Student: 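Pasting in a structure now, in structure tokens, and then I'll have a few things to ask.
In this text, all values refer to a predicted model and were calculated from it rather than measured experimentally. Here, residue 1 is the first one in the sequence, and each next residue gets the next number.
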Amino acid sequence: MARSGKDEDLVERSEGDAAPNAAWFKPIMVGLMLLGLVWVLVFYLSGMQWPIPGIGPWNLAIGFGIAFVGFLMTTRWR
């Protein structure tokens with residue numbers, strides 16, 4: 001029986017190779033890093049009152065935490 005040409009397009013991977021990331025991974029990664037940066041900038045430019053009033057320097061922890069998650073995602077990017 002003849003084989004169709006569709007099988008030629010398949011890429012074989014060995015079991016140890018990691019699969020490529022999903023299409024949403026890179027935009028989320030970059031978005032988190034930028035969101036963390038904007039969060040910290042808003043905190044400083046607003047005189048330490050925004051983005052969440054009343055929690056003071058914890059805004060820095062939140063901003064750096066968001067950016068840190070984005071940076072951690074870069075270690076998993078393929």
Student: Does one hydrophobic cluster hold both Ile62 and Tyr44, with members joined at side-chain heavy-atom distances below 4.5 Å?
Tutor: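 No, Ile62 does not connect to Tyr44 through the hydrophobic network.
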Student: List the atom pairs, with distances to 0.1 Å, where a side-chain N or O of residues 24-33 and a protein N or O form a donor-acceptor pair under 3.5 Å, not counting sequence neighbours.
Tutor:
none

Student: Using residues 46-53 as the side-chain source, report each donor-acceptor pair under 3.5 Å to any protein atom, sequence neighbours left out, with the distance given to one decimal.
Tutor:
{"unit_1": "Ser46", "atom_1": "OG", "unit_2": "Val42", "atom_2": "O", "d": "2.8"}
{"unit_1": "Ser46", "atom_1": "OG", "unit_2": "Phe43", "atom_2": "O", "d": "3.3"}
{"unit_1": "Ser46", "atom_1": "OG", "unit_2": "Gln49", "atom_2": "N", "d": "3.4"}
{"unit_1": "Ser46", "atom_1": "OG", "unit_2": "Trp50", "atom_2": "N", "d": "3.0"}

Student: With a 3.5 Å cut-off and sequence neighbours excluded, list the donor-acceptor pairs that the side chains of residues 64-78 form with protein atoms.
Tutor:
{"unit_1": "Thr74", "atom_1": "OG1", "unit_2": "Phe71", "atom_2": "O", "d": "2.4"}
{"unit_1": "Thr75", "atom_1": "OG1", "unit_2": "Leu72", "atom_2": "O", "d": "2.6"}
{"unit_1": "Arg78", "atom_1": "NH1", "unit_2": "Ala19", "atom_2": "O", "d": "3.4"}

